[in-house]
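Each remark here refers to the structure printed beneath this line.
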Amino acid sequence: MLTNSKFFYDKYISDKVCLVLGIGGVSMSAIALMLCDMGYKVAGYDEKKGVYTDLVEKNGIDVVYGDQMPELDNVGVVVYTAAIKEDNKILVKARELNILTVVRAPFLGEMMKCYKNRIGVSGTHGKSTASGMISQIFMDADINPTLMVGADLPVIKTGLRIGGDEHFVFEACEYKDSFLSFSPTLSVVLNVELDHTDYFLSLDQMKDSYTKFMNISKVAVVCFDSENARDAAKTTSARVVYYSAKSTDCDFYAKNFKLNRGFAEFDAYYNNEFLLHAKLGVPGAFQVENALAAIAVATLSGIESDAIVKGLENFTGVGRRFQFRGKLNGADVYDDYAHHPDEIKATLATAKAFEKGRVVVVYQPHTYTRTHDLFDDFATSFKDCDEVIFADIYAAREKNRFGITSKDLSDAVENGKYLGSFEEIEEYLKINVKEDDLVLIMGAGNIIDLKI
């Protein structure tokens with residue numbers, strides 16, 4: 001149990017129950033389990049059972065589902081995810097009873113203050129992988145970190161680890177500025193590219209948010225290779241530590257890079273002195289930047305080089321990041337979460353290093369806004385594959401106010417083919433995929449449900 005377990009909402013919780021709405025989500029289940037570790041009473045609600053509801057129930061948390069109304073008489077605080085609508089009957093009833101209701105981000109931001117070294121990993125893409133690398137290093141250094149990663153780490157088979165109160169590693173998502181509610185002592189900015197255009201109306205607005213995020217922390221570890229990240233760091237009040245895979249004019253940088261069967265190794269330097277030789281356990285040249293971010297964070301946190309080298313070699317990726325899924329007609333099939341043009345390009349460059357035959361992509365665009373606003377970038381993102389099959393756009397939280405379709409994107413891509421439904425795609429792949437092809441199932445929606 002945490003020794004420093006008191007935080008701002010303690011006066012509302014005390015000996016009462018904290019009710020977690022949406023407890024089946026990654027971050028909400030993590031909050032519930034962290035509260036339990038702090039010694040608080042916790043109950044939960046979700047629409048249906050899942051992996052994470054099973055996890056919290058195994059840890060003694062009572063969860064109600066569907067149309068059930070949880071008991072509110074002894075509830076002190078209701079914490080809810082932004083996916084819970086304001087007219088949710090549980091939320092409405094709690095407010096009628098004058099129970100404090102708090103959205104996830106500020107609640108988690110307060111909880112974080114129980115930890116001494118709080119490492120918030122941000123960026124348009126790469127957050128889960130970089131967080132996973134840092135987490136692996138901290139675990140291999142035997143310093144008992146608490147972890148909240150947005151994808152499953154193979155070594156712990158989840159994205160959550162309850163450890164001590166010295167080190168807390170977490171992903172910090174920028175969507176709707178939720179990361180501004182967090183309280184990192186050390187912030188990481190991997191990259192800044194225009195995304196979430198239903199909220200960020202310009203790149204300048206996005207860079208301003210990242211500057212504010214860095215301002216919360218004492219130290220900001222920033223990728224020098226991202227021009228927009230550099231711009232955001234120019235006016236931060238935090239001490240900026242730069243890292244680079246391309247320039248030696250930085251605090252941390254890489255030299256003597258080489259790629260062995262798609263896996264990178266390199267020498268890492270700190271303050272112009274050799275620090276360590278790294279061999280990565282995840283494929284892709286772009287992973288050098290993620291590794292340098294992890295090296296910088298670990299070094300600044302006092303972790304020895306031997307543990308950093310061990311952690312980087314032991315880290316084999318996180319769920320749905322170029323994750324091997326199985327075989328189809330003798331072809332290797334991989335899953336990947338990429339849903340932004342830059343992510344797609346990086347993932348396809350990695351796939352090219354593995355290919356024996358063709359690279360065949362199945363891509364499900366994620367949200368109408370992103371597809372519309374980044375359309376031209378998406379249209380040029382698939383050059384490193386031989387064929388890309390487009391599924392219908394995953395709407396998520398949106399309505400199609402643009403009239404945009406996956407067919408539009410398919411028509412704009414030279415090697416594109418629109419099939420739309422999963423059934424059509426499944427049948428097409430079974431007939432057309434050949435031995436030695438590499439099949440990449442890509443997207444952030446329900447494309448993972450594709451049956452092949």
Side-chain angles (χ1 to χ4, degrees), residues 119-134 150 171-175 177 179-180 184 186-197 199-200 202-217 219-255 257 264 266 268-270 280 282 284-297 299-300 321 337-350 370 373-374 376-378 380-381:
I119 299 161
V121 182
S122 72
T124 307
H125 42 265
K127 293 186 289 292
S128 294
T129 298
S131 299
M133 283 184 177
I134 295 166
E171 277 192 47
C173 180
E174 74 278 11
Y175 183 55
D177 282 334
F179 64 172
L180 300 186
L186 187 155
S187 58
V188 181
V189 181
L190 303 170
N191 41 67
V192 180
E193 300 294 340
L194 184 62
D195 196 9
H196 302 299
T197 52
Y199 178 77
F200 292 108
S202 69
L203 184 56
D204 285 340
Q205 179 192 351
M206 200 168 194
K207 287 192 285 190
D208 182 60
S209 289
Y210 274 92
T211 302
K212 292 174 181 176
F213 175 66
M214 287 183 267
N215 287 346
I216 299 169
S217 60
V219 178
V221 173
V222 179
C223 182
F224 187 81
D225 302 335
S226 169
E227 181 180 355
N228 295 324
R230 292 202 310 272
D231 287 346
K234 286 178 181 177
T235 56
T236 182
S237 57
R239 171 195 163 203
V240 179
V241 175
Y242 284 110
Y243 66 91
S244 174
K246 300 174 182 177
S247 172
T248 59
D249 190 24
C250 288
D251 302 279
F252 291 85
Y253 58 86
K255 290 181 69 175
F257 164 83
F266 61 93
Y269 283 74
Y270 177 38
L280 303 189
V282 285
F286 69 95
Q287 298 287 9
V288 174
E289 286 186 356
N290 289 327
L292 284 168
I295 290 167
V297 168
T299 302
L300 295 172
R321 272 61 174 186
Y337 190 70
H339 56 285
H340 183 278
D342 288 350
E343 295 170 339
I344 292 168
K345 291 174 186 176
T347 301
L348 291 181
T350 301
R370 181 183 283 114
D373 292 350
L374 304 181
D376 291 343
D377 293 326
F378 277 116
T380 60
S381 296

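Quantities reported herein were computed from a predicted structural model and do not represent experimental measurements. If you read the sequence from its start, that first residue is 1, and numbering goes on from there.
- Rounding to the nearest 0.5 Å gives a distance of 6.5 Å between NE2 of His340 and CG of Leu194.
- With rounding to the nearest 0.5 Å, the separation of OG1 in Thr124 from CG in Asn191 is 5.0 Å.
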One pair to check against side-chain contact (heavy atoms from CB on, under 4.5 Å): Phe252 and Val241. What are the steps and the verdict? CA-CA 8 Å; Phe252 291 85; Val241 175; 3.7 Å; yes
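- Taking OG1 of Thr299 as the start and OH of Tyr243 as the end, the distance is 13.5 Å to the nearest 0.5 Å.
- Between Ala172 and Lys127, the closest heavy-atom pair is O-CD, 3.6 Å.
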Quick one, Arg321 with Val282, criterion side-chain contact (heavy atoms from CB on, under 4.5 Å). Give me CA distance, side-chain angles, the key distance, then yes/no. CA-CA 10 Å; Arg321 272 61 174 186; Val282 285; over 6 Å; no
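- In this structure, Tyr242 and Arg230 have side chains that are in contact, with non-hydrogen atoms separated by less than 4.5 Å.
- Counting heavy atoms from C-beta outward, Phe224 and Asp251 have side chains that stay 4.5 Å or more apart.
- What you find for Asp225 and Ala245 is that their closest heavy atoms are OD2-N, 2.8 Å.
- In this model, a donor atom of one side chain and an acceptor atom of the other lie less than 3.5 Å apart for Asn290 and Gln287.
- The two residues Val188 and Ser122 make their nearest non-hydrogen contact at O-OG, 2.6 Å.
- Here Gln205 contributes atom CD and Tyr210 contributes atom OH; the two are 12.0 Å apart, rounded to the nearest 0.5 Å.
- Glu174 places none of its side-chain heavy atoms less than 4.5 Å from the side chain of Phe213.
- Nearest heavy-atom pair, Lys255 versus Tyr253, reported as atom, atom and distance to 0.1 Å: CD-CE1, 3.6 Å.
- Taking 4.5 Å as the limit, some side-chain heavy atom of Asp195 sits within range of a side-chain heavy atom of Arg370.
- The structure places CG of Leu186 at 13.0 Å from CD1 of Ile216, a figure rounded to the nearest 0.5 Å.
- Closest heavy-atom contact between Ile344 and Ser381: CG2-O, 3.6 Å.
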What do the steps show when you test Met214 against Val222 for side-chain contact (heavy atoms from CB on, under 4.5 Å), and what is the final call? CA-CA 9 Å; Met214 287 183 267; Val222 179; 3.7 Å; yes
Verdict with supporting geometry, Asp204 and Asp208, side-chain contact (heavy atoms from CB on, under 4.5 Å): CA-CA 6 Å; Asp204 285 340; Asp208 182 60; over 6 Å; no
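- Side-chain contact between Ser226 and Leu190: absent, with no pair of heavy atoms (C-beta onward) separated by less than 4.5 Å.
- Closest approach of Val240 to Ala233, counting heavy atoms only: CG2-O, 4.0 Å.
- The side-chain contact (heavy atoms from CB on, under 4.5 Å) with Glu193 is formed by just one residue from the set His125, Glu343, Glu227; it is His125.
- Side chains of Leu203 and Asn228 form a contact here, defined as non-hydrogen atoms less than 4.5 Å apart.
- For the pair Asp373/Phe200, no side-chain contact is recorded, criterion being any heavy-atom separation below 4.5 Å from C-beta on.
- How far CG of Asp377 is from CG of Asp342: 7.5 Å, rounded to the nearest 0.5 Å.
- By the 4.5 Å heavy-atom criterion applied to side chains, Phe179 and Ser209 are counted as neighbours.
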